[in-house]
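Because only heavy atoms are used, hydrogens play no part in the values below, and waters and symmetry mates are left out as well, while side chains stay in. Order of the sequence lines fixes the chain letters, A, B, ..., with proteins taken first and strands second; residue numbering starts at 1 for each chain.
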There are 2 protein chains.
Amino acid sequence: MKFLRSGFNRSHETSEIPAAARRPITAYDVARAAGVSQSAVSRAFSPGTSISKRTLSKVEKAARELGYRPNAIARMLSTSRSQLVGVVIPPLNNPFYPALLEALSAAFGRSGYRLLLFTSQAQQSFDPLLSEVLSSRVDGLVMVAAAISSSFADECKQSGLPVVLLNRKTDSRDVSSVVGASRVGAETIAKFLHAGGHRRYAFIAGSESSTSRDREAAFKRYLIKHDLKLHARVDGNYSFEQTGVVMRQLLSMKQRPDAIFCVNDHTALSAINVARVEYGLELGRELSIVGVDDSEMAGWPVFDLTTYGQPIALMAEHVVETMLMQLDGKLDFTEVIVPGELVVRGSARIPKWGVSGPPERRIWTPNK
Amino acid sequence: MKFLRSGFNRSHETSEIPAAARRPITAYDVARAAGVSQSAVSRAFSPGTSISKRTLSKVEKAARELGYRPNAIARMLSTSRSQLVGVVIPPLNNPFYPALLEALSAAFGRSGYRLLLFTSQAQQSFDPLLSEVLSSRVDGLVMVAAAISSSFADECKQSGLPVVLLNRKTDSRDVSSVVGASRVGAETIAKFLHAGGHRRYAFIAGSESSTSRDREAAFKRYLIKHDLKLHARVDGNYSFEQTGVVMRQLLSMKQRPDAIFCVNDHTALSAINVARVEYGLELGRELSIVGVDDSEMAGWPVFDLTTYGQPIALMAEHVVETMLMQLDGKLDFTEVIVPGELVVRGSARIPKWGVSGPPERRIWTPNK
DNA sequence: TCCTGCGTTGCATGCGCATGCAAAAATTGC
DNA sequence: GCAATTTTTGCATGCGCATGCAACGCAGGA
């Protein structure tokens, strides 16, 4: 491990007090400078409190001159509200998660909350995390695509910590969740593929997730209802590599599927890689692949993926709304299901009917 | 905006006190239960303090029974160290940034720091952010790929807040930075393309960034030194769409370039999209494209991008190290340049010499 | 036995701000 | 102009933990 480094050590002849050592400005300093009490300073920086314009401007002037900034930590301790929301998020290599994270940051930011990041290793126990989360005194916790153990949920409930699951439901009906419309989405995709006249349907799952189970179940239900059957079912485990492996299995069958529903875009993109590059298949003609998320890359020409879009910004808004209601104690828990749209591109054969919308974003809507 | 919601309002007949209203357990409660003083409890939870085993176990027992967790906020106020690092990060649609973020989270986590997220809009002033950052009392600040104004830097310095720039240098030599080896990387790429026997070199830049400027300058310098010239130079502005636009310009020239150096992978992937899908070019034969980052997608078969890899984990480590040294006051600032490797794949013609390494990760090393 | 020294403990205080309460000032109504 | 309000202000205190200091206990040496 070699690298270049250049720099200077802190000078030893500190004639003037180094900035870092200077005592930080507190509300008392401002109060003294402005000739008012510390309470007045506090009120000047707390919107909605009783303070005269004259005092306010005196305080503001003094604060500006001294470079005063309220100490958020002290405020937290005093109000016992941290204005922080913990976010437990899985590895970010699936670009859906960064997108969600960004949307969450924006949405919570608008309500005056900041995000404290807890990155989680896949398949790892949350117990050590739990402890940190509860210690950190966040006002709420958003768990993205993560299962929550009942003991974890209990402990959060006990300590009064609002929890909202995002993109994943829980078994117990004790925890709020915001999810995309997996059932409706999968059904729409099934209809779409059916309308496209496909024969052999396959599903590439993601292990151990309510989302994957829901999508698979709804997909199967539609197929059964229409006297079709699931030709093949494999598990890509939400991993690019593993999906590649199982995709090769699918495409090496004597009777290969002609319609593959992937549990999400990331999985679908891996499937496209294999189909195009390794098997030289022309998507939309020889093989149809559909995903879920409508992540940014789905729209890239090389992929041109037909996918059921999840309205990320809207989902984030619902998370915030749910969280705030729980913080206000107006709500114990709730379950929000956000519907999306089937965005039609070139990776799957397009039915003769049901397509609408402008060329750059065509939508497929059954029965309407 | 329609969605489904189900849930229950909080019951009004609260016979027992709701969990959220119950007073949280403090160190005093534990002290009383364990028959010791509050200081003892504090010491029990502070590693490296003087406490006997007997007292420690008594406290631990009581704490476990009461479900006590130290209040991090109070600890912050008391120690005036938040164990929080602010991270200012640009929009995450370029997957390099989520990867960096994750690496930072892991690296800082190992040193007991958590990340507080500040997402920044591209091209937006940081002034409002600055205020929030300083108020939030983070112990340090990492700015990813973001320029820092001198006034911002001054204010941070004045308040003693250590700042480390990641993937971007600053003009003033007052702020620490950790960057990939742009100069060496660009030079290596130039050599690589030169050795591959290309004729017409082009560069797709990213506006307004030291990184882009450095890479372009080093690329040009090499070309000039070897009596070659830059056939074309366009600006993709780090945007997928804009890169598409300028890429079309490049490929529509009477004399189109045969070697394109893209400022980063994200830009390169967009370029590949246009070259492959719109112009049907076979990369590595008719046209060579090279990027920088070695992001995950670069390795995807559909892209198969030759790229100068940036060792993300290592860069994150250096950020942490730099930050910790500044926190300890052992260092004013430093500049770390982390070298990478040119990962050879199929998007650019491969020279006859200099390639080594296993098939799954071939490296090109000049002059060795 | 007494003293020294070390390891452990509790006491008291401070971190910086928010806020209930009462006093003071400003405003209103008559 | 004066009393009744209403608004503004300051005082005092608390949020929960860390920590300097002094007191304490215990072991070893003289």
Side-chain angles (χ1 to χ4, degrees), chain A residues 21-60 62-63 66-84 112 134-139 159-160, chain B residues 21-60 62-63 66-84 112 134-139 159-160:
Chain A
R22 205 159 45 209
R23 197 175 56 79
I25 312 294
T26 75
Y28 284 100
D29 302 320
V30 178
R32 202 175 319 116
V36 297
S37 74
Q38 177 266 327
S39 338
V41 178
S42 169
R43 291 188 177 104
F45 284 89
S46 313
T49 47
S50 165
I51 189 169
S52 71
K53 292 193 175 178
R54 219 166 59 82
T55 309
L56 180 60
S57 64
K58 274 198 298 184
V59 171
E60 280 176 339
L66 293 174
Y68 167 74
R69 293 174 195 287
N71 184 327
I73 306 286
R75 170 175 296 180
M76 292 177 198
L77 184 60
S78 193
T79 59
S80 60
R81 312 192 67 234
S82 64
Q83 300 293 103
L84 292 177
L134 289 179
S135 250
S136 70
R137 251 55 174 186
V138 292
D139 287 344
S159 62
Chain B
R22 205 160 43 208
R23 196 175 57 78
I25 311 295
T26 75
Y28 284 99
D29 301 320
V30 178
R32 202 176 317 118
V36 298
S37 75
Q38 177 267 329
S39 336
V41 178
S42 170
R43 292 188 176 105
F45 284 89
S46 313
T49 47
S50 165
I51 189 169
S52 70
K53 291 192 175 178
R54 219 167 58 82
T55 308
L56 179 59
S57 65
K58 273 198 298 184
V59 171
E60 280 175 339
L66 293 175
Y68 167 74
R69 294 177 194 289
N71 183 327
I73 305 286
R75 170 176 297 182
M76 292 177 198
L77 184 61
S78 192
T79 59
S80 60
R81 312 192 68 232
S82 64
Q83 300 292 105
L84 252 38
L134 289 179
S135 249
S136 70
R137 251 54 174 188
V138 292
D139 288 344
S159 62

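Looking at which nucleotide of DNA chain C each of A/Arg54 and A/Thr26 is closest to, the 5′-most match is held by A/Thr26. Judged by closest nucleotide on DNA chain C, B/Ala74 is the one of A/Phe45 and B/Ala74 placed further toward the 5' end.
Here A/Leu77 lies in heavy-atom contact (under 4.0 Å) with a base. Looking at heavy-atom distances under 4.0 Å, A/Val41 makes no contact with the nucleic acid at all. B/Ser42 comes within 4.0 angstrom of a nucleotide base, judged by non-hydrogen atoms across all strands.
OP1 and OP2 of D/dC11 both lie 4.0 Å or more from every side-chain N or O belonging to A/Tyr28. Checking the phosphate oxygens (OP1, OP2) of D/dT8, a side-chain nitrogen or oxygen of A/Ser50 falls inside 4.0 Å.
Between A/Gln83 atom CD and C/dA18 atom P the separation is 11 Å, expressed in whole Å. The nearest whole Å value for the distance from the CD1 atom in A/Ile73 to the C1' atom in D/dG14 is 18 Å. Rounded to whole Å, the distance from CD1 on B/Ile51 to C1' on C/dG10 is 12 Å. The distance between atom CZ of A/Arg75 and atom P of C/dC17, rounded to the nearest whole Å, is 9 Å. Between the C1' atom of D/dG10 and the NZ atom of A/Lys58 lies a distance of 13 Å, rounded to the nearest Å.
Between the side chain of B/Ser57 and the backbone N or O of B/Arg54 there is at least one donor-acceptor pair closer than 3.5 Å.
The side chain of B/Ser37 approaches C/dC11 more closely than any other nucleotide in the set D/dC17, D/dG10, C/dC11.
Judged by distance alone with a 3.5 Å cut-off, a donor-acceptor contact links the side chain of B/Ser78 to the base of C/dG14. For A/Ser39 against D/dC11, a side-chain-to-base donor-acceptor contact under 3.5 Å is present. Taking only distance into account, the side chain of B/Arg43 meets the base of C/dG10 through a donor-acceptor pair shorter than 3.5 Å.
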task: Treat a base pair as Watson-Crick or G-U wobble with both distances under 3.5 Å, then lay out DNA chain C in dot-bracket form, 5' to 3', with | for cross-strand pairs.
output: ||||||||||||||||||||||||||||||

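Screening B/Val30, B/Val59, B/Asp29 for a side chain to side chain contact (heavy atoms under 4.5 Å, CB included) with B/Tyr68, the sole residue that qualifies is B/Val30.
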